[in-house]
Structures are given as C-alpha cells and as structure tokens.
Amino acid sequence: MGLVSVTASNLDQSVAGDIVEICGYWRTMSSRSFRVGRSVTGLGLFAIKAIKRGAYITTYRGRRITTQEADRRAARGASYMFEVNKRWSIDGSSRWNVARYINHACRPNAKPVGRKGGIVIVALRQIEPGEEITYDYGREYLKCFLDNGGCRCAACRKRQAFQRRRTRASDQRTK
C-alpha cells in the first residue's frame with residue numbers, strides 16, 4: 001500500500017470549508033452509508049447506517065499515475081498516494097475522493113481491495129452507525145509516519161492507556 005495521511009495538520013481552512021459543503025450535500029443523499037466527521041486523528045469517515053460484512057463502501061478515486069511519479073510527489077509533501085501495484089498509484093488528493101478520509105487502524109473494520117486496476121473499500125465486519133470506518137495502511141505507512149509519535153488508532157490508544165495504568169499500579173505497589 002502507498003502512503004495515505006489524513007490529519008488535521010494536513011488541512012488548510014479552504015479544505016475545511018469544502019468539507020462542510022460536502023457534508024451538507026451528503027446529508028441529502030440517502031444512498032450514502034457514510035459521512036465525513038471529526039475523528040481523534042483529524043477528519044474521518046463514519047457510518048450513518050449499518051454496513052454489512054463484505055459490503056462495498058466506496059472507491060479510492062483519483063488520477064492514475066506511475067509509482068515513480070507518486071514517489072516524487074510524496075517527496076514534495078503530497079499525501080493520499082495509494083499504491084495499486086509496483087507500477088501504478090492513485091493520486092487521491094482531489095477533494096471529491098471521499099475514501100481519502102478513511103483513517104488508519106491496526107484493528108480495522110474495512111479493507112482496500114484491488115478491482116479492475118483501481119481500489120475499492122469493503123467492510124471486513126458489520127460496521128455500526130456512528131462507527132468510524134478504518135483500514136490498515138500497512139507497514140510502510142507505519143514506518144514513515146508513525147515512528148515519531150506512535151499509532152493513534154483506537155486499539156493502540158487503548159493498549160497504551162492500559163499499559164500506563166499497569167505501570168502506575170506497579171509503581172504504587174513498589175512504594
């Protein structure tokens with residue numbers, strides 16, 4: 001998988017305004033099973049109705065470019081590059097690509113699947129209304145982006161909180 005990064009720090013004010021406009025448009029579309037909303041890691045995609053296991057959620061859309069071009073763009077700070085294979089990548093930076101708002105999780109509820117030279121996102125399990133839609137960005141992403149601050153997905157935050165509580169309890173017992 002390629003590099004995908006969705007955080008509040010990557011968004012400027014014009015993007016935030018576009019998000020509000022897009023969200024208003026989505027509310028009128030009953031066929032959508034998701035909405036863009038605030039997440040712990042910035043903006044995220046949330047289910048607005050139950051999504052069944054194996055169901056199609058959305059397509060990762062954008063211009064198809066060579067992986068070499070994607071690497072050049074990423075070196076200049078571009079985000080949302082999704083590597084389809086060793087030769088091709090999708091530049092998902094356009095704002096109408098709603099799949100770019102799907103955040104990383106070490107225990108995801110969806111997964112990207114290659115279809116006809118593109119990428120579609122499907123549910124790994126039943127996703128409940130209000131639940132954030134997530135998928136695993138892969139090892140390359142974790143190495144490049146998360147080594148400094150660690151993973152901030154829900155599963156990792158719970159594990160870190162549990163470890164902190166255990167350490168504090170251990171420290172109190174030794175005193």
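In this chain, residues are counted from 1 in sequence order. Quick caveat: nothing in here was measured; it's all calculated off a predicted structure.
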Nearest heavy atoms of [X] and [Y], plus distance in Å:
X      : Y      : answer
Glu132 : Gly44  : OE2-CA, 3.7 Å
Ser94  : Gly62  : OG-CA, 4.5 Å
Arg95  : Tyr101 : O-OH, 4.1 Å
Asp136 : Gly138 : OD1-N, 2.9 Å
Thr59  : Tyr56  : OG1-OH, 2.8 Å
Tyr60  : Gly92  : CE2-CA, 3.7 Å

**Study point:** Neighbour count above 12 (heavy atom, 6.0 Å) for Arg64 CZ
**Key:** yes
Point to revise | Qualifying residues under side chain to side chain contact (heavy atoms under 4.5 Å, CB included), relative to Arg63, sequence neighbours excluded | key: Ile65, Arg73
Decide yes or no for [X] and [Y]: does some side-chain heavy atom of the first lie under 4.5 Å from some side-chain heavy atom of the second?
X      : Y     : answer
Ile90  : Asn97 : no
Leu45  : Val36 : yes
Leu124 : Arg53 : no

Check your understanding: Of Lys49, Arg35, Arg125, which meets salt bridge (Lys or Arg N to Asp or Glu O under 4.0 Å) against Glu131?
Key -> Arg125
Hey, what do you get for [atom1] ([X]) to [atom2] ([Y]), rounding to the nearest 0.5 Å?
X      : Y      : atom1 : atom2 : answer
Thr58  : Ile133 : OG1   : CD1   : 8.5 Å
Tyr135 : Asn103 : OH    : CG    : 9.5 Å
Ile102 : Phe34  : CD1   : CZ    : 7.5 Å
Thr134 : Ile121 : OG1   : CD1   : 10.5 Å

Check your understanding: Quick one: does Thr67's side chain have a donor or acceptor within less than 3.5 Å of a partner on Lys86's backbone?
Key -> yes
Indicate every side-chain donor-acceptor pair of residues 110-120 with a distance under 3.5 Å to a residue at least two apart or in another chain.
none

Practice item. State plainly whether one hydrophobic cluster holds both Val98 and Leu43, where clusters connect Ile, Leu, Val, Met, Phe, Trp and Tyr through side-chain heavy atoms under 4.5 angstrom apart. Key: yes
Practice item. Compute the centroid of each ring, for Phe82 and then for Tyr80, and state whether the two points are separated by less than 6.0 Å. Key: no
Under the side-chain hydrogen bond (donor to acceptor under 3.5 Å, both in side chains) test, which residues partner [X], sequence neighbours left out?
X      : answer
Glu128 : none
Ser93  : Asp91
Arg72  : Glu69
Gln126 : none

